[in-house]
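Residue numbers start from 1 in every chain, and the chains themselves are labelled A, B, ... in the order their sequence lines are given, proteins ahead of strands. Any value given below was found using the heavy atoms of this structure, including those in side chains, with hydrogens, waters and symmetry copies removed.
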Number of protein chains: 2
Amino acid sequence: MKDSPDISRVASLIGDPARANILTALMSGKALTATELAHEAGVTLQTTSAHLAKLDEGGLIRPRKEGRHKYFTLASEDVAHVLEALMGLAAGSGHLRHRPGPRDPELRHARVCYNHLAGDMGTQMYDSLIARGLILHSDKALNLTLSGRDFFTGLGIDLDAFPASRSPMCRDCLDWSERRSHLAGRLGRGLLAHFESTGWAQRIPESRVIRFTAPGKKSL
Amino acid sequence: MKDSPDISRVASLIGDPARANILTALMSGKALTATELAHEAGVTLQTTSAHLAKLDEGGLIRPRKEGRHKYFTLASEDVAHVLEALMGLAAGSGHLRHRPGPRDPELRHARVCYNHLAGDMGTQMYDSLIARGLILHSDKALNLTLSGRDFFTGLGIDLDAFPASRSPMCRDCLDWSERRSHLAGRLGRGLLAHFESTGWAQRIPESRVIRFTAPGKKSL
DNA sequence: AATATGCTTCGTTTACGGTCGAACTATGAA
DNA sequence: TTCATAGTTCGACCGTAAACGAAGCATATT
C-alpha cells in the first residue's frame, strides 16, 4: 500500500500560494533574501520566515548566510525541472487566471529558467545546437561533442572554469510555453552568462524576461 | 508580479495525502473505479467522491462512465510525467518514510509507469533501442526510425493499429529510481502490452510491479 | 556603547478544507 | 416491482496551518 515515495509532502509544500510565489521567484536563478521573497510572496516577513524554514526542511531550497542577510536559491536543478513541469500542467489545464498581460508574450519569447535560457529563443538555440552537431543525445543523456567543445572555447567560453558540481554539463529541460526541450545544465547556465557579459542579452529586473539586443540576435 | 502560470492550484491538488494515493494508484495506467480508489486512498467513499470531483475539475484525471461504474484514469501523459518527477524529488530529499520493504527492490527493477515499462528494465530497454538505432533523438523529441519500424512490425506489433491519439509515438520519461530516461508514448504502451500478451511479462495485481518470465528475459 | 537593520520565535486568531454519517439518485439484478 | 450495489449531495464537525503583532536575537554601522 505504501510502495512509492511520498509525493504529497513535496506537493503540499508547493501547494501553498505564498510558497509557490517564492519558488517561482527563485526560478530566475538569482539568490534572493528573505525580505525580497516576502515582497514577492505578498506576505509579511514573519510568515515568510516560517515558509522558508519549511521549504528548507523539505529540501526544496538552500539557504546561504552572508553577513546579516540570508540568501536563498533552489536546491537543485531537479526542483526547477519539477516546477517547470507543473507550470506546463497549470498552463494547459485551464485556470490560467493571469490574463495575458503585456509582458506575457515576452515571457514566452525568452525568459530565464533557473539561470539558463528558456522560451522560444531557448528551444530554437537547442535545436540549432543539435542540428550542427555540437551537442548529442547519447544513451542516457545529453552530451557535448568534441566539435562542440571547440566551438564554445572558440567563442571565449572556458568550459573547465565551470564549478565542477555534480550537476551534468548538459541537460534538457522542457518548456511550459513551447512544450519542447531547451538546454539546461552547466553549459546552459554558462551560455546565458556569456550572453549577458558580452551584452547580447540582458535580464529585465523584477521579472524573468530576457531581452536580446541587436548584436545579440545575429548569434543564431 | 503574476506572470507565470499558477502552480499552487495543481500542486495543492496533489498535496493532499488521500489524493496523492489516488494519483499514485492511477500511475499503473489501469482505469479504476471510485470504490477501488477509495480503498487505495484509505478513506470512505464519500470523501473519495469529493476528491475525485476536484481532481477532475483540476484536469488531472478523466472520468468514464461505464454502466453503473465510473472509471478514472490520469488525464494525460503529462500528468504522469509530473508525478514521476515529484517522486524523484520525494525519494531524493530524505523523508522516504516507506522503509524498503520486500516489494521495493522489485519496484526498482521493473514497474509500470502509466502503462509503459519503467525501472531498471525500462532504462535498459531504452538504451538498447537507442544503441541499435531503432529510435532516434531528433530535434525536439524521440522519433521512430525506418529500421525501427521494420523491427517492431517483424516482432508482430502493428504500429498503425494504435489509436491515433494526439500523444506522440515516442516520448521519454524519467525514472525516480534510476534517474534516467525510459521509453513512454504510444510505442512504450504498445511494447508493454505486447510483452504481456506474449507471456513474457505479467503485472502483479494490487501493485505496480512487473515480473518477467524466463522466456521474456531473452528479449534483450 | 548605541542604534539600525535583517531575520526568528512566540502566542493568538481565524479560516479553509478534509472527514464522515445520513439521506438521496441511478443503474443493474432477481 | 423489489432489492442491491455504485456513486453523489448535504450538513456538521474538527484539525491543521496560514497569517500577523509583538517581542527577542544577531549582525552590521555610527
Measure the distance from NE2 on A:His69 to C1' on D:dT29 and round it to the nearest whole Å.
12 Å
Taking ring-ring contact (aromatic ring centres under 6.0 Å, His included) as the test, write out the residues that go with A:His51, two or more places apart.
none
CA sep, side-chain torsions, deciding dist, call: A:Leu23, B:Ile7, side-chain contact (heavy atoms from CB on, under 4.5 Å):
CA-CA 10 Å; A:Leu23 292 172; B:Ile7 289 186; over 6 Å; no
Looking at A:Gly59 and A:Ala75, what are the two nearest heavy atoms and their distance?
O-CB, 3.3 Å
Reading DNA chain C from 5' to 3', where do the contacts with chain B start and stop? Cut-off is 4.0 Å to heavy atoms.
C:dG18 to C:dG28
Whole-Å distance, A:Leu45 CG to D:dG21 P, equals 12 Å
Where B:Ala18 and B:Ala41 come nearest, the two heavy atoms and their spacing:
O-CB, 3.7 Å
Does A:Thr213 reach the main-chain N or O of A:Trp200 with its side chain, forming a donor-acceptor pair under 3.5 Å?
yes
According to a strict under-4.0 Å criterion, is B:Lys65 in side-chain N/O contact with OP1 or OP2 of D:dA6?
no
Distance in angstrom units between B:Glu57 CD and D:dT8 P, rounded:
15 Å
B:Ser49 (side chain) donor-acceptor with B:Leu45 (main chain) under 3.5 angstrom:
no
On DNA chain D, compare the nucleotides closest to A:Arg68 and A:Pro17; which residue's is nearer the 5' end?
A:Pro17
Salt bridge between A:Lys30 and A:Glu36, side-chain N to carboxylate O under 4.0 Å?
no
In terms of side-chain geometry, is the basic nitrogen of A:Arg208 or A:Glu40 positioned less than 4.0 Å from the acidic oxygen of its partner?
no
Base, sugar-phosphate alone, or nothing: which one does A:Thr48 contact when heavy atoms must sit under 4.0 Å apart?
nothing
Table of protein N/O atoms under 3.5 Å from nucleotides 9-18 of chain D N/O atoms:
unit_1 : atom_1 : unit_2  : atom_2 : d
D:dA18 : OP1    : A:Arg19 : NH2    : 3.2
D:dA18 : OP2    : A:Lys54 : NZ     : 2.5

